[in-house]
Amino acid sequence: MKGIYSALLVSFDKEGNINEKGLRQIVRHNIDVNKVDGLYVGGSTGENFMLSTDEKKRIFEVVKDEVKDQIKLIAQVGSVNLKEAVELAKFATDLGYDALSAVTPFYYKFDFKEIKHYYETIINSVDNKMIIYSIPFLTGVNMNLDQFAELFENDKIIGVKFTAADFYLLERMRKRFPEKLIYAGFDEMMLSATVLGVDGAIGSTFNVNGIRARQIFELAQEGKIAEALEIQHVTNDLITDILENGLYQTIKAILEEQGIDAGFCRQPMKESTPEMRANAKAMYEKYFQ
Ligand code: HMN
């Protein structure tokens, strides 16, 4: 389960319906061009928290059908509706997903006992493995080292997707849980996270920049830090441009430049303007040609 995983984008049509053909093209691009080790399906990048249960299931189905067993698949099933999370966990497990992931429950200020109950309810309902999805800047949920340790006591909880800039906590985790999988979540900090010993990375920008992401990861693992840093610099020029222009809209527009029907974002996310698309075209020409 180690390596480079794209947090999969989903193509929507103008009315916000899933564009299955476009979704399959994005999957293929990740396998054939980005050469990723796996896909993280149903994450933030998949605009998951704006979708219905049936739509989430359909995406899991289409992706598995396209991937077969070519690369690894992680299904993000977390939801503030625990019953839905369990239903999705069962569904993705039956489809053959290699592991599940669940975002920490958000919106209400759940205490740690409630968070632990949430994870155990999901993972104990299926014969599968769980990767905690920790993304404090979006959820407001900050767990400490001892709390992670308590969750990790369950052998089915095999790792964490660590989308945070707290590298002190990351280092403490690496030392304390050598056998657990840690995935870096911020693509722009990948080099530093790799130096601290993460097992892989899960990122939105890998949908277009997967090759550079692998280079950074592998060079850093080989101790070639200066070379890795050069590639991280280019990557971060790209990420800065993407973030300034609109994250998912821009990654989709860069894919469109490559003939992929990456489509629209789901409302309330805004539609990209002609100016945003022109900027994305310029990014494609600058970073990928
Ligand atoms: C997911 O759940 O879709 C991703 O794994 C989330 C991932 O950590 C991305 N975070 C968000 O999109 C909020 C990053 O790849 C991020 O987009 C990138 O580092 C640019 O900031």
Side-chain angles (χ1 to χ4, degrees), residues 1 3-11 23 26-27 30 34 36-51 56 59-60 63 72-79 85 88 92 97 99-106 130-141 159-167 170 181-194 198-210 212-214 216-217 231-232 234-255 262 265-266 269 280 283 287:
M1 295 294 299
I4 304 297
Y5 286 67
S6 280
L8 189 69
L9 287 159
V10 174
S11 177
L23 174 59
I26 299 172
V27 171
N30 271 302
N34 290 313
V36 294
D37 298 302
L39 296 174
Y40 188 83
V41 187
S44 315
T45 308
E47 302 175 52
N48 176 74
F49 304 108
M50 296 175 282
L51 306 184
K56 293 176 189 183
I59 290 164
F60 288 146
V63 173
K72 297 281 183 200
L73 287 176
I74 302 173
Q76 196 298 120
V77 300
S79 164
L88 293 172
Y97 273 67
L100 306 175
S101 182
V103 69
T104 49
F106 51 90
M130 168 63 68
I131 296 158
I132 297 162
Y133 179 11
S134 177
I135 182 160
F137 97 100
L138 289 183
T139 59
V141 180
V160 58
K161 178 168 119 53
F162 187 88
T163 308
D166 185 345
F167 279 30
L170 178 58
L181 290 168
I182 305 178
Y183 299 92
F186 272 131
D187 315 353
E188 51 276 46
M189 301 173 199
M190 190 176 179
L191 170 56
S192 320
T194 309
V198 294
D199 301 288
I202 299 170
S204 65
T205 60
F206 306 166
N207 285 276
V208 289
N209 198 44
R212 284 194 188 96
R214 178 177 302 285
I216 296 167
F217 185 60
I231 302 170
Q232 185 78 68
V234 179
T235 289
N236 287 5
D237 289 344
L238 167 67
I239 293 176
T240 303
D241 288 349
I242 288 176
L243 291 174
E244 274 173 13
N245 200 49
L247 178 58
Y248 306 129
Q249 292 90 342
T250 304
I251 303 175
K252 286 182 177 182
I254 293 174
L255 285 170
C265 285
R266 180 75 171 240
M269 282 193 189
M283 285 176 222
Y287 296 101

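Counting starts at 1 for both ligands and their atoms, in listed order. As the structure is a computational prediction, the values presented were derived from the model and not from experiment.
Atoms of ligand 1 lying under 4.0 Å from any heavy atom of Ile202, numbered from 1 in the order shown and given with element: 5 (O). Applying the 4.0 Å criterion to heavy atoms of Asp187 picks out, from ligand 1, the atoms 14 (C), 15 (O), 18 (C), 19 (O). Atoms of ligand 1 lying under 4.0 Å from any heavy atom of Leu247, numbered from 1 in the order shown and given with element: 12 (O), 17 (O). Every atom of ligand 1 with a heavy atom of Ser44 under 4.0 Å away is listed here by number and element: 1 (C), 2 (O), 3 (O). Contact atoms of ligand 1 toward Gly203: 15 (O) (distance under 4.0 Å to a heavy atom of the residue). Numbered from 1 in the order shown, with element, the atoms of ligand 1 that lie under 4.0 Å from a heavy atom of Leu138 read 13 (C). Close approach of ligand 1 to Ala7 is summarised as follows: ligand atoms under 4.0 Å from at least one heavy atom of the residue are 1 (C), 3 (O), 4 (C), 5 (O).
Nearest protein neighbour of atom 8 (O) of ligand 1, counting heavy atoms only, is Gly185 O, 2.6 Å. In terms of protein heavy atoms, atom 17 (O) of ligand 1 is closest to Ser204 OG, 2.6 Å. Looking only at heavy atoms of the protein, atom 2 (O) of ligand 1 is closest to Tyr133 OH, 2.7 Å. Atom 5 (O) of ligand 1 has as its closest protein heavy atom Lys161 NZ, 2.6 Å.
To the nearest 0.5 Å, the span separating NZ on Lys56 from CZ on Phe49 amounts to 7.0 Å. In this structure, CG in Asn236 is found 10.5 Å from CD1 in Ile242, a value given to the nearest 0.5 Å. Expressed to the nearest 0.5 Å, how far CD1 of Ile4 lies from CZ of Arg212 amounts to 14.0 Å.
Under 4.0 angstrom from ligand 1, the non-hydrogen atoms of Thr163 all belong to its side chain. By the criterion of a heavy-atom distance under 4.0 Å, neither the backbone nor the side chain of Phe206 is placed next to ligand 1.
Within the 4.5 Å cutoff, the side chain of Lys161 has no heavy atoms near those of the Ile74 side chain. With contacts defined as side-chain heavy-atom distances shorter than 4.5 Å, the pair Arg266/Val10 does not qualify.
For the 3.5 Å distance criterion, the side chains of Tyr287 and Asn209 fail to qualify, holding no donor opposite an acceptor.
Which of Tyr40, Phe186, Tyr248, Tyr183 comes nearest to atom 13 (C) of ligand 1 through a heavy atom is settled by distance: it is Tyr248. When the options Gln76, Met189, Glu188 are ranked by their closest heavy atom to atom 18 (C) of ligand 1, first place goes to Glu188.
Evaluated for a ring-ring contact (aromatic ring centres under 6.0 Å, His included) with Tyr40, the options Tyr133, Phe60, Phe206 yield exactly one hit, Tyr133. A side-chain contact (heavy atoms from CB on, under 4.5 Å) with Tyr183 holds for exactly one of Ile202, Thr163, Val198; it is Ile202.
Under the 3.5 Å distance criterion, the side-chain polar atoms of Asn245 are left unmatched by any main-chain donor or acceptor of Thr250.
Between Leu138 and Ser44, the closest heavy-atom pair is CD1-OG, 4.4 Å.
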